[in-house]
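Remarks on the structure that follows.
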Amino acid sequence: MTDASAAAQRAASVPVIVGANQGPSQPGARPDEDLLAGLNPQQREAVTFRGQALLIVAGAGSGKTSVLTRRIASLLRGREAWPSQILAITFTNKAAGEMRERVENLIGDSARGMWISTFHSACVRILRREAEQFGFTKSFTIYDSGDSRALIKRLVKEHEADAYGLTPAATQSRISKLKNELSDAESYARSANMADPAERVFVELFAAYQRELQRANAFDFDDLIGQTVFLFRAFPKVADVYRRRFRHILVDEYQDTNHAQYALIHELTRPIGSGAEPHSAGGMMIFDPDPADDPDKAGASLTVVGDSDQSIYAFRGADIRNISEFERDYPGAKVVLLEQNYRSTQNILSAANAVISNNFDRKDKKLWTDVGAGEQIVGFTGYSQHDEAQFVADEIEALHRAGANYSEVAVFYRTNSQSRALEEIFIRSALPYKIMGGTKFYERAEIKDALAYLVAVANPADEMAMRRIINRPRRGIGDVTVEAISRYAQEEGITFRDALANSSALGVGPKIQSAIAHLDAVLAEASALMLPASGELAPPTAVAEGVQLLLNKSGYYDALRASKDAQDEARIENLDELVAVAREFARNNPEGTLLDFLTEVSLVSDADDLEDASGSVSLMTMHTAKGLEYDAVFVTGVEEDLIPHRISANEPGGPQEERRLFYVGITRARKRLYLSLAMTRAQFGEVTVAMPSRFLQEIPAELLTWRQSPGDVNSRGGTQSRALNARRQSGSGYGGAGKRYGDDLVPLPRREPGGNLERFANKIPAKVRDNGDMELAPGDRIRHDDFGEGRVDAVTGEGAKRVAHVRFDTAGPKKLLIKIAPIEKL
DNA sequence: ATCGTCGATTTTTTT
DNA sequence: AATCGACGAT
């Protein structure tokens, strides 16, 4: 959905607040008094301040979205700005949609015409308009990371670069990092050590990649930003158009901007005319008078909102300095601090504060609230990830029975793969849930195929798309033929797409020739349908019909229908879904073109269209959770190697960023927070023993109640549990009083056979109890080191994950992981 | 050119 | 556990 149509749609159903369309402000009267209702002094300041630059340091839950929307509303209400003069940048499309809706709630329809979008969407709009300035056409394709990886993979192979340790993944990430720094192959080559052959090959790859993008008339995600900056710098006149237009620029989540995004904002906020080249006259350089002195040419006013404690995207180039050095970049900037939290209970905030305070080199900031302590944080340790998931499911059911709505509950995890176990248990428990993000609809192979067909129509220069579809469904066109076509196209100086029209000139067999000719005809027919001659307007349904035409006449549908593979049935359903999406798009955007549709599906992630998670529990990664809030939050997998993730644990700044991520997770909770972990976790088909996360011990013990502590589960005997309990009762964190463990230590004590209590290093202990393949059956009597004797009720699970359900004579029913539980058969 | 099998490799997070 | 790529058989 485009911004405009979304706006129109919502405007219809949104009540307009009284006072929205009053005339121009009268002197002395505040036109925006109602906008300030319920705000604290700092928030008011953030709404009403007027000046060139404003930094709002907004702690989690401090009402920053409210402040931002009211600030926009007050600019519009006071006639200080037309909607078209406002550019608001958010992190996700969903956030953009919400912001637009909230502004409209405040001032009604007059909000139309604002640009509220992500960096990427805004840049696409600019680039589509200006692409012809620098060697692209407006019908350029947007390559997502999968597309660019496919291209890089091909190039790596062609250059035999893997011999130099340049894997596709590594190459892609290096190129991306460089682009985020606005570096290109040429400038990188200047600073690189070209004596190193690996470096030379990399530079070559980088250059080749960029050449291919240009040839395909395509931008990758990073280019969308980087090339816009390039455009502004190379064509100051173009930049001035946008500088003149956007007088008020607001950027949310500023702590997660990378250098390219920073530069883009910088370009946009420069004084109008400032990019003009100094001209020389008679051998003397003449500089125009500083435009900043001219009020008509002053740069746009800039408002940024952020919280460096919530910076969690350094891995993709976010530069925390953008926010920490804002005052240096924009001298005279006003800084407003929002520390009062309106979201969570004090217990949750105290835990969050305690955790984040372990990050050094941060400005101390303490969230506070006046809503009271609230519930204790609940901890739980499962035997396995399934056990953990069961706890989560049971607890959610309990909350639900107590009156909670499922949609007010969320479950977070560090990695997408963790959602599996949760899903399995949720399905079994008949818990309604929805996974946000995760495996994306638009990343499914059949959807990518269908989109590639559309791209082939929209942007014939895109050889990647052509290569993708040329033998899908199978038409007997293999590598040899593809290369023949490619070579022919290069020789003739035409596109791959156009080469299809000359199938007889390729020197391939008649069967293949006719296959090529057929594909060519299908594409041509689709073009006629979706891209009518200039001046005419394609019917709104053209895209939906076009997809169907392509899938039908290309034989794609037929091939799936003929297949015996059960999965192919699901694929057909997915494709039907895509057609439905196209129809929906047409409804919302009667004038939407094929390009608009492709742009939307390239930039809108699944996490964005989470509209009606109503009635469902939300499952998502902690990254996805940023900016959201729920009454009850379950943070799962609070284990070493997960949070902090093992990969970042050894990277500079890694543990700190992971801590911020954990902090983000915690601060999403309004009333109830659950932290859970499992003692064992299966990965790569192997069961490994997991350790409690180092971050757990940073939470003061008095805030946390364990339903089942790590000691209860892991212990090799009662002494340890008691030791742990004793520590906890002593009151200062179960990491131990006054003693700080280094980041490389985990606080669980362990009793050695000799009887010494000692901490062990952050590694899986060399000796975990291993009962091997001890066989247990219902009815067997066993003895547990801690719980005494009991009788086995049932055994579930398989292999290393077998769990015994035991009813102990004194300790009651327990679930034990047979492989590692301190038990013996009697 | 296509299909099947084996073995390698994987999982960090996302616009 | 599951997916992907390489290789060999048809």
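Just so it is clear: chains get the letters A, B, ... in the order the sequence lines come, proteins before strands, and each one is counted from 1.
Using a cutoff of 4.0 Å between basic side-chain nitrogens and carboxylate oxygens, K94(A) and E98(A) are scored as salt-bridged. Using a 4.0 Å cut-off between charged side-chain N and carboxylate O, D147(A) and K448(A) make a salt bridge.
At a threshold of 4.0 angstrom between heavy atoms, the contacts of F119(A) with the nucleic acid are absent.
dT13(B) atom C1' lies 9 Å from atom CZ of R316(A), rounded to whole Å. Going from atom CZ of F91(A) over to atom C1' of dT15(B) covers 7 Å, rounded to whole Å. Atom P of nucleotide dT15(B) and atom NZ of K626(A) are separated by 10 Å, given to the nearest angstrom. For the pair E423(A) CD and dA1(C) P, the interatomic distance rounds to 17 Å; values are reported in whole Å. Rounded to whole angstrom, the span from the CD atom of E657(A) across to the P atom of dT14(B) amounts to 12 Å. At whole-Å resolution of the value, NZ in K177(A) and C1' in dT13(B) are 12 Å apart. Straight-line distance from the OH atom of Y413(A) to the C1' atom of dT13(B): 12 Å, rounded to whole Å. Per the geometry, CG belonging to L661(A) stands 7 Å off C1' belonging to dT13(B), to the nearest Å.
The shortest distance between the side-chain N/O atoms of S121(A) and the OP1/OP2 oxygens of dT15(B) is not below 4.0 Å.
Taking the P atoms as reference points, dC4(C) lies 16 Å from dT13(B), given to the whole Å.
Not counting sequence neighbours, S503(A) has no partner by the side-chain hydrogen bond (donor to acceptor under 3.5 Å, both in side chains) test. Remark: F315(A) engages Y313(A), H623(A) in a ring pair (Phe, Tyr, Trp, His ring centres under 6.0 Å) (not counting sequence neighbours). For A314(A), the side chain to side chain contact (heavy atoms under 4.5 Å, CB included) partners at least two apart in sequence or on another chain are E657(A). The side chain to side chain contact (heavy atoms under 4.5 Å, CB included) test applied to E181(A) returns H259(A), not counting sequence neighbours. Take E158(A) and apply the salt bridge (Lys or Arg N to Asp or Glu O under 4.0 Å) test, not counting sequence neighbours, and it matches R154(A). Contacts of Y242(A) classified as ring pair (Phe, Tyr, Trp, His ring centres under 6.0 Å), with partners at least two apart in sequence or in another chain: F232(A). Partners of D558(A) under the side chain to side chain contact (heavy atoms under 4.5 Å, CB included) rule, at least two apart in sequence or in another chain, are R561(A). In this structure, the side chain to side chain contact (heavy atoms under 4.5 Å, CB included) partners of S145(A), at least two apart in sequence or on a different chain, are Q172(A), F221(A). Applying the salt bridge (Lys or Arg N to Asp or Glu O under 4.0 Å) rule to E658(A) yields the partners R414(A); only residues at least two apart in sequence or on another chain are considered.
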What N/O pairs connect the protein and nucleotides 9-12 of chain B at under 3.5 Å? Give each pair on its own line.
from, atom 1, to, atom 2, distance (Å)
dT11(B), O2, S417(A), OG, 3.3
dT12(B), O2, R414(A), NH1, 3.2
dT12(B), O2, R414(A), NH2, 2.2

N/O contacts under 3.5 Å, protein versus nucleotides 1-8 of chain B?
from, atom 1, to, atom 2, distance (Å)
dA1(B), OP1, G478(A), N, 2.7
dT2(B), OP1, G476(A), N, 3.1
dT2(B), OP2, N471(A), ND2, 3.1
dC3(B), OP2, R474(A), NH1, 2.6

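For the segment residues 140-153 of chain A, residues with any heavy atom less than 4.0 angstrom from an atom of DNA chain B are, sorted by number, S145(A).
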